[in-house]
Amino acid sequence: MATQVKLLGFWCSPFSFRVEWALKLKGVDYDYIEEDIFNKSSTLLELNPVHKKVPVLVHDNKVISESFVILEYVDETWEQNPLLPKDPYERATARFWAKFAEEKLLDAAWTAMWSKGETKEKALKDSIEALEKIEGEFKEKRHFEGESIGYLDLAVGWIAYWLPVWEEVGSMQIFSQEKFPAITGWMAKFLSHPLIKDNLPPKDKMHVYFEGRRDPIYNYFNPKPEDN
Amino acid sequence: MAKSDVKVLGAWPSPFVMRARIALNIKSVDYEFLEETLGSKSELLLKSNPIHKKIPVLIHQDKPVCESLIIVHYVDEVWSSGPSILPSDPYDRAVARFWAAYLDEKWFPSMRGMASAQGEEAKKAAVDQFVEGLNLMEDAYVKLSKGKPFFGGDKIGYLDIAFGCFLAWLRVTEKTSGMKLLDEARTPHLAKWAVSFCADPAVKDVMPETEKLAEFAKLLAKFKPAPPK
């Protein structure tokens with residue numbers, strides 16, 4: 001019985017990469033469909049009417065949206081190379097830290113990248129605080145041991161590759177090797193994993209893209225008053 | 001299992017705490033309910049949830065589990081011989097998780113937004129988002145319940161818990177705003193589901209009475225905690 005798996009993604013979205021990494025780790029064949037998120041296809045709007053976002057996974061006729069929901073679906077559907085641990089407490093811990101990084105670090109780091117003034121300062125401070133907490137957790141738990149990359153690594157993988165780009169584009173510093181030795185160690189292992197290192201977007205193109213987004217996003221949230 | 005093996009740190013008005021309690025009730029797990037006082041956080045809470053310092057926290061064999069939906073998953077996985085909370089099929093689980101995430105990220109904030117919104121435009125936007133959410137949930141209910149009483153089918157499940165926990169606050173919001181929000185005319189299935197949900201044995205003892213919650217809401221409005229982060 002042939003299975004058809006399609007993934008709607010965007011070439012530099014950390015959210016769609018999470019799903020790609022998961023599918024590759026499981027050895028699942030899939031068709032990748034690039035979405036222009038600035039000109040969303042009718043397919044995307046039909047498949048994800050609630051959020052109108054990528055990634056969207058289509059498995060036979062089943063449509064799943066939201067990257068963390070997709071990760072768990074992939075893990076439960078293809079049981080080889082499990083992403084989540086078996087133990088319920090460890091699963092709860094992995095889910096907790098994935099949610100934490102998403103809500104407290106990713107949002108803040110992204111905001112710090114495009115914002116200015118007080119907003120930027122606060123977002124930077126929040127990012128650093130969040131990263132410190134993650135450092136504490138990584139120091140204790142050693143999530144990435146040997147080859148067994150898992151759910152949490154995929155959930156926070158963007159820190160290893162997208163964060164440095166955002167830092168440059170935003171002329172800011174959140175991460176440093178001296179301050180975050182455990183994360184530094186994890187980053188090196190993560191980026192050298194065979195299935196990760198060949199599945200990353202081109203960095204130079206990423207720089208151009210995020211540079212190009214920074215000011216338009218700022219202007220969107222800070223519309224100029226009508227009379228100057 | 002000894003009662004002291006399982007503790008829930010929480011407060012009776014919190015919908016998120018209710019999720020944890022309903023899950024434990026479904027599994028017939030005895031637990032100690034440690035009520036936090038409004039305006040102060042116990043040492044046990046600060047120790048168990050140092051990252052967020054929030055309720056609910058489930059403490060099982062001295063290990064803390066935080067975040068209400070993560071707790072519900074944990075309860076379902078640990079007490080696996082009891083009635084299932086998550087559906088058994090991976091796709092059904094994904095759909096339930098999708099809607100639970102939607103409720104927490106988009107819908108519940110719009111309910112709070114209705115109370116706190118400044119100005120007519122902001123208020124209207126919050127109400128519109130809130131009502132749109134109810135319409136989406138009505139459609140989801142029709143699809144997922146397949147003619148049965150609950151999102152989870154014959155018995156209450158993950159999405160029933162994730163959504164139903166907000167019903168008491170929804171009624172309080174109706175009272176204070178004077179608006180009919182859960183309207184039998186607009187969302188007839190949800191209106192019926194809400195009655196069944198609240199009557200469920202796992203729910204009825206932990207669902208606050210609207211009057212009592214409305215009084216609490218008044219108290220909360222007077223008590224000015226530090227602004228949320």
Side-chain angles (χ1 to χ4, degrees), chain A residues 19 47-53 55-79 84-105 107-108 122-123 125-126 129-130 132-134 136-137 140 151, chain B residues 20 23 27 48-54 57-80 85-107 109 129 132-133 135-137 139-140 143 158-159 229:
Chain A
V19 176
L47 293 176
N48 190 1
V50 176
H51 300 297
K52 306 176 174 57
K53 285 179 168 178
V56 179
L57 186 80
V58 185
H59 177 209
D60 295 331
N61 288 324
K62 297 172 277 198
V63 182
I64 304 116
S65 313
E66 292 296 284
S67 62
F68 286 163
V69 176
I70 299 173
L71 284 188
E72 296 225 23
Y73 175 80
V74 169
D75 205 27
E76 289 167 3
T77 303
W78 293 280
E79 289 174 356
L84 276 170
K86 278 203 151 40
D87 174 72
Y89 185 70
E90 288 181 39
R91 292 162 74 89
T93 305
R95 288 170 173 147
F96 175 90
W97 284 103
K99 186 169 197 266
F100 175 81
E102 198 81 340
E103 288 175 2
K104 302 292 180 189
L105 178 61
D107 254 3
K122 180 168 193 307
K125 180 170 173 285
D126 291 345
E129 271 177 31
E132 284 166 357
K133 293 184 170 137
I134 293 172
E137 177 64 13
E140 248 183 87
Y151 176 86
Chain B
K27 303 283 188 178
S48 312
N49 191 357
I51 299 289
H52 298 296
K53 305 177 175 56
K54 283 182 168 178
V57 180
L58 176 79
I59 302 179
H60 179 215
Q61 294 167 343
D62 293 323
K63 291 183 296 194
V65 182
C66 308
E67 296 293 292
S68 62
L69 294 178
I70 295 177
I71 294 172
V72 174
H73 274 90
Y74 177 84
V75 169
D76 201 29
E77 289 165 11
V78 169
W79 289 277
S80 50
I85 297 174
L86 273 286
S88 49
D89 174 73
Y91 179 61
D92 294 337
R93 294 158 77 90
V95 175
R97 286 171 176 146
F98 172 86
W99 286 113
Y102 168 79
L103 290 168
D104 279 1
E105 286 161 27
K106 296 268 156 69
W107 187 73
Q129 164 101 77
E132 186 198 312
N135 292 334
L136 286 172
M137 294 310 293
D139 289 342
K143 264 204 207 99
Y158 183 76
L159 186 51
K229 190 249 114 200

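Just so we're on the same page: letters track the sequence lines, and every chain starts at 1.
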Seminar exercise, completed: Most contact-rich option vs chain A, by heavy-atom pairs under 4.5 angstrom, among B/Ala94, B/Pro90, B/Ser80, is B/Pro90
Problem set entry | Part of B/Arg93 within contact of chain A (heavy atom distance under 4.5 Å) | side chain
Exercise. Given the options A/Ile70, A/Val63, A/Asp75, which has more heavy-atom pairs under 4.5 Å with chain B than any of the others?
Worked result: A/Val63
Exercise. Between A/Glu79 and A/Lys86, is there a side-chain N and carboxylate O pair less than 4.0 Å apart?
Worked result: no
Exercise. Once the angle between the rings of A/Tyr73 and B/Tyr91 is folded into 0 to 90°, is it parallel (under 30°), tilted (30 to 60°) or perpendicular (over 60°)?
Worked result: perpendicular
Problem set entry | Pick from B/His73, B/Lys63, B/His52 with the largest number of heavy-atom pairs that fall under 4.5 Å of chain A | B/Lys63
Exercise. Got a salt bridge between B/Lys143 and B/Asp139, using NZ or NE/NH1/NH2 to carboxylate O under 4.0 Å?
Worked result: no
Exercise. Looking at A/Ala130, A/Pro49, A/Pro88, which one has more heavy-atom pairs under 4.5 Å with chain B than the rest?
Worked result: A/Pro88
For this session: Output, in order, the C-alpha distance, side-chain angles, deciding distance and verdict of side-chain hydrogen bond (donor to acceptor under 3.5 Å, both in side chains) for A/Tyr89 and B/His60.
Result: CA-CA 9 Å; A/Tyr89 185 70; B/His60 179 215; over 6 Å; no
Exercise. Using 4.0 Å as the upper bound for N to carboxylate O, is an ion pair formed by A/Glu129 and A/Lys125?
Worked result: yes
Exercise. Can you check whether B/Trp79's main-chain N or O pairs, donor with acceptor, with B/Lys27's side chain at less than 3.5 Å?
Worked result: yes
For this session: Mind ranking B/Glu105, B/Glu132, B/Glu77, B/Lys106 by heavy-atom pairs under 4.5 Å with chain A and telling me who comes out on top?
Result: B/Glu77
Exercise. Is chain B contacted by the side chain of A/His51, its backbone, both, or neither, given a heavy-atom distance below 4.5 Å?
Worked result: side chain
Exercise. Contact part of A/Arg95 toward chain B, heavy-atom cut-off under 4.5 Å: side chain, backbone, both or neither?
Worked result: both
